[in-house]
Number of protein chains: 2
Amino acid sequence: MPNTTTVEEVINNIRRVFQVFNDYSKKAKREAGLTGPQLWAIKMIAENAPLKVSDVARLMFIQPGTVVGILDRLEEKGLVSRTRSQKDRRVVTIELTEEGKDLIAQAPEVIQGHLVKGLESLPAENFMIIANGMEQLVKILGADELPPMLIHTREICTPQKKNGKNSGKIG
Amino acid sequence: MPNTTTVEEVINNIRRVFQVFNDYSKKAKREAGLTGPQLWAIKMIAENAPLKVSDVARLMFIQPGTVVGILDRLEEKGLVSRTRSQKDRRVVTIELTEEGKDLIAQAPEVIQGHLVKGLESLPAENFMIIANGMEQLVKILGADELPPMLIHTREICTPQKKNGKNSGKIG
DNA sequence: TTGATATAATTCGTATTAGAATTATATCAA
DNA sequence: TTGATATAATTCTAATACGAATTATATCAA
């Protein structure tokens, strides 16, 4: 048991966790031809479609403006479709194309998924070690009040029935 | 004691830690007029100058190409100086200007510094909880082999004596 | 109905980041 | 000395990200 762990080692470990999340883009790109955020987005869409643009943003914890760029690139690759909602013409409904669904079937797990599976398959004792550690860390950083993550939470929005479909440019 | 912690809560906590690091940029910008990376860079320089560009990159764990952009903006603000080394004309020596030193004196602690201080001031027991938790997490993510962080490590490089000084454009 | 306000998506400007290519300089071997 | 190789900084391209502004549409109140 490492009862001689130093502050430096802990920080190294925090950094390693960061790096894994950040560098996952490379591995994803190798395996699926998509960047990390693109893969993360398409997975979210696959699991929750139909989604509004703002829902994708909420699921990924990024700004809507950033999602637009990611969707542009996914649409360019023919993996997702944008459909202007008839019910509320401000809304754009995001879905996977057939090609997108095919890709998802073989796409590697996103890093977030790895983490969930890793934690779920852990012996209770080891899990509690992590749980307690993260809780302490959050307290140190004064991050207690930040909103929760909603990973894998369904019903993020009231998903709208799409009635119209006009591929290509929306307007 | 939270012996009912769920996977979701752990992931929320991980996310909170991430958010603290990412959102710190805003606070830094408010308090010092610099973005997070800019503040982190200038702190590294303050503590280790003179540094080569590649040393700054190594200290920040980012690519040299990225550092160039950050240094450009810091130089534009008059906070750092670039000096082409006489000994080895490939090398550019980075130092703080007087203005940069003044800013550092009042600049807020970088988030990394907060973390170090927080961990150091923790009761041994709580510290070990975090240490063990992070170690487990690193194992799950298979991040064991990533290089160490070198926070606050001196003598990253053989710091060169600067003999020449020609402010402005280097070449 | 009309005007004020709110909401959804997008665009714009700035910054950060990686990775690849480029330029300049240094070093080492033949 | 010269040529091959290595190293340092920089430039370039593409992607991500935020916040602010913009456009289009919806909703609510007068």
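Proteins come first, then strands; the chains are lettered A, B, ... in the order of their sequence lines, and each starts at number 1. Worth knowing before you read on, the calculation uses all heavy atoms, side chains too, and leaves out hydrogens, waters and symmetry mates. Model, not experiment: these values are computed from the prediction.
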- May I have the distance from B:K52 (atom NZ) to C:dA26 (atom P), rounded to whole angstrom? 13 Å
- Distance in angstrom units between B:I94 CD1 and D:dA8 P, rounded: 14 Å
- Query: Do B:D55 and B:K52 sit within salt-bridge range, that is, some charged N less than 4.0 Å from a carboxylate O?
  - Reply: no
- Rounded to whole angstrom units, what separation is found between the CZ atom of B:R89 and the P atom of D:dA9? 13 Å
- Message: On DNA chain D, does the nearest nucleotide to B:V68 precede the nearest nucleotide to A:I62 from the 5' side, or the other way round? Give the residue.
- Response: B:V68
- N/O (side chain, A:R73) to phosphate O (OP1/OP2, D:dA14) under 4.0 Å: no
- Item | Heavy-atom side-chain proximity of B:T97 to B:V80 below 4.5 angstrom | no
- Going by an N to O cut-off under 4.0 Å, is there a salt bridge joining B:E76 and B:R73? no
- Message: Taking the side chain as everything from C-beta on, heavy atoms only, tell me whether A:L79 gets closer than 4.5 Å to A:L96.
- Response: no
- Query: Would you say a side-chain N or O of A:R82 is under 4.0 Å from OP1 or OP2 of C:dT10?
  - Reply: yes
- Would A:K117 and A:E120 pass as an ion pair if we require N to O under 4.0 Å? no
- Between CD of B:Q86 and P of C:dA26 the distance, given in whole Å, is 10 Å
- Have a look at B:P37 and say if it touches a base, only the backbone sugar-phosphate, or nothing, with a 4.0 Å heavy-atom cut-off. sugar-phosphate
- Considering only heavy atoms from C-beta outward, does the side chain of A:L74 approach that of A:I94 to under 4.5 Å? no
- Item | Contact nearer the 5' end of DNA chain D, comparing A:R90 with A:M60 | A:M60
- Query: Phosphate oxygens OP1/OP2 of C:dT10: is one of them under 4.0 Å from a side-chain N or O of A:Q63?
  - Reply: no
- Main-chain N/O of B:L122 paired with B:N126 side-chain donor or acceptor, under 3.5 Å: no
- Separation of D:dT11 atom P from B:I70 atom CD1, nearest Å, is 15 Å
- Of the candidates C:dA9, D:dA9, C:dT17, the side chain of B:V91 sits closest to D:dA9
- Dot-bracket notation for DNA chain D, counting Watson-Crick and G-U pairs under 3.5 Å, with | for partners on another strand: ||||||||||||||||||||||||||||||
- Message: How many whole angstroms separate atom CD of B:E76 from atom P of C:dT14?
- Response: 11 Å
- Short side-chain N/O contact from B:S54 to OP1 or OP2 of D:dT7, under 4.0 Å: no
- Task: Looking only at side-chain atoms of B:T66, point me to the closest of C:dA9, C:dT17, D:dC18.
- Result: C:dT17
- Flag the pair B:D72 and B:K77 as a salt bridge only when some basic side-chain nitrogen lies within less than 4.0 angstrom of an acidic carboxylate oxygen. no
- Message: Please classify the nucleic acid contact of A:G65 as base, sugar-phosphate, or nothing, using heavy-atom distances under 4.0 Å.
- Response: base
- In whole angstroms, how far is the P atom of C:dT17 from the CD atom of A:Q38? 20 Å
- Between atom CG in A:D55 and atom C1' in C:dA8, what is the gap in whole Å? 11 Å
